[in-house]
Amino acid sequence: MPEQLKGSLDVGIASFRRNTAARSAAQTTPVGRRYTGLFFALPAIIFTTIFFILPLLMTAFMSLHQWPLLGQSRFIGLENYVNMTRDSQFWNSLWFTTRYTLLVTPAIFILAFVLALLVNLPLRLIGTFRTIYFLPAVIGLGTSSLLWVWLLNDRVGPINGLLNQLGLMERPVIWLADTNAVMPAIIVSIVWKTAGFTMILLLAGMQAIPTELYEVAKVDGANYWQRMRFIMLPLMRRTFALALVLSVIGSYLAFDQFYIMTAGGPQNQTISVVYWIYKNSFTNFNLGYGAALSIILLLILVILSAVQLYILRDDTTY
Amino acid sequence: MATTAQPRSNSAPVAIRWQPVLIYIVCIVLAILFLFPIVWTGINSVKPPAEASASPPTFLPSRIEFENYAKLNNYGKGVWTYVSNSLVTALITVVGSVVLSTLAGYGFARFNFPMKNVSFLLILATLMIPFQSILIPLFLILTQLRLQNTLFGLSLVYITFQLPFGVFIMRNSFASVPREIEEAALLDGCSALSMLYRVMFALVRPGIITVGIYAFLNSWNEFLAALIFMTKEANFTLPILLTSVRSGYYGAIDWGALQAGLMVSIIPCVLIFLLLQRYYVGGLTGGALKG
């Protein structure tokens, strides 16, 4: 199976090279077919314009308005943004989401890296294990959150049942309603759901490193850990950067797990930023304020990904 | 040493000195941890209802029955309404994403036209904007188009979310087809559209399957947009219905029914992944790493 993965990567790289060649060939397209390509691309461009670019511009526009769901909207300048500074739940949500991201990202990464190392070993049946670890990544986050509501239930859930059997628990923990237990519980559920996804990304990065490099190092007497430390890790910077950006963005946009597993509780402690946007827009119907929050979220994410890509930028060629 | 006997493969720092037995044990323990939530839910879903919500929980069923699945019909308009809602939405999304991505991928890979690079970047750049931040105006746009609360409207939004990935994959697929094939077809008097239909389609099939799988799974699993756009119970997709079952919208939580519902939601995803794994993983690594 790893061969297959590598194969698909090779095909990808080859197609990229040919692609560059095709681009120069495309320059010679006859004038009569000047608009043929546009004709093909037009439906996709129209969709993107109506259902993405337009709403994006509208978000910015709406954020400058008092905008109820029904009735007249009113231009209020930056008032929504000013109100945000006094909105304590917004700051709580921002801090909570940041804390969640800082905790869940390393958890996912450490497990995913170990999994990738394991499934990269040349052993029989290792492809089966890779499939198993990846399996939770294909089910929906909403579905997996509901699954964990049951797993973590204090009365009927197997996790409390097992901990009880093993004598590890004095009294049942109500995981999702306990201020101290709720964060670890949700993190475990998310790590279970997403570690396999990150594993595949890291695995592809590992397999893109030419084997010769390891062999040369081996001849020079480097052991397994030295080869990992001095060859694999530095050459995987780009992969790490990509996986990190995807993971941080995903965590910052978390909604399903909090909406489904805790409904923001206990005591409004697990209201993520997207959840707060949802509440303002679709529970309080204050669409203008929701739009302003969306713009701030968008800026935070763009800055975060730019910073991460810059820190982990890679000039290495091999 | 055993290491020299290892097959020469692309495995990372090459030599493993640990005993393979130890590695297998670690792998198996991890596999159990990864599988038990799904397996246990699956087993619970075919227990008698009382056993499925037993406290403390049991593992093996005393007998197998499908009462929990039958009970799913008591919620709202019955589970099949919501399964078919999800299925219809997913199918429209698959067809729309595949058609639009294929056309655009062909256009971007094979032709030059005014604003080509700008429009390609425009489509790809939407990847960097989280869709969560544009849902409020999307809700208003769908309402304007009288598509709010319709499966078709939801599908249109899902198709748009699939486009950056789909167009990227399809452009690369077309770019990797040798130009000679097209030139031969052109000499035979093929028009651009019929060439796409008759010649190219077969050659880019792997890309089409990849785009289709992702469109299906993302549509089938999506939660937030469906929650916002679908306010009438009759139009709920499966994940939204299941959340209502959980939140006690229909009375106390019926654990057996919830587990049956979860299996209805999980099984299609697992089947598609197991059958088409090659295309799925290829799309992930090929699309993401060079994206």
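Order of the sequence lines sets the chain letters (A, B, ...), proteins ahead of strands, with each chain counted from 1.
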Any [X] side-chain heavy atom under 4.5 Å of [Y] side chain:
X        : Y        : result
A:Leu298 : B:Ile134 : no
A:Met62  : B:Pro137 : yes
B:Thr160 : A:Ile50  : no
A:Leu141 : B:Phe223 : no
A:Phe52  : B:Leu163 : no
A:Pro158 : B:Phe59  : no
A:Ile200 : B:Tyr280 : no
A:Thr59  : B:Ile136 : no

For chain B, which of [options] has the most heavy-atom pairs under 4.5 Å?
options                      : answer
A:Tyr133, A:Trp67, A:Phe255  : A:Tyr133
A:Ile159, A:Leu253, A:Leu151 : A:Leu253
A:Gln165, A:Arg124, A:Gln226 : A:Arg124

Would you name the heavy atoms of [X] and [Y] that are closest together and state the gap between them?
X        : Y        : answer
A:Trp192 : B:Phe34  : NE1-O, 2.9 Å
B:Leu135 : A:Phe282 : O-CZ, 4.4 Å
B:Ser53  : A:Val156 : O-CG1, 3.4 Å
A:Gly37  : B:Phe111 : CA-CB, 3.5 Å
B:Pro37  : A:Leu147 : O-CD1, 3.8 Å
B:Val167 : A:Ala44  : CG2-CB, 4.5 Å

[X] versus chain A, heavy atoms under 4.5 Å apart: side chain, backbone, both or neither?
X        : value
B:Gln259 : side chain
B:Ala31  : both
B:Phe161 : side chain
B:Leu156 : both
B:Leu33  : backbone
B:Leu242 : both
B:Trp40  : both
B:Asn44  : side chain
B:Leu140 : side chain

Approximate separation, where rounding is to 0.5 Å, of B:Leu122 CG and A:Ile53 CD1: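 It comes to 4.0 Å.
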Top contributor to chain A interface from B:Pro239, B:Pro130, B:Pro268 [non-hydrogen pairs under 4.5 Å]: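 Most heavy-atom pairs under 4.5 Å with chain A: B:Pro130.
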Plane angle bin for A:Phe40 and B:Tyr106 - parallel if under 30°, tilted between 30 and 60°, otherwise perpendicular: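 B:Tyr106 vs A:Phe40 ring planes: perpendicular.
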Contacting region of A:Ile249 [heavy-atom separation from chain B under 4.5 Å]: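 Contact with chain B involves no heavy atom of A:Ile249 at all.
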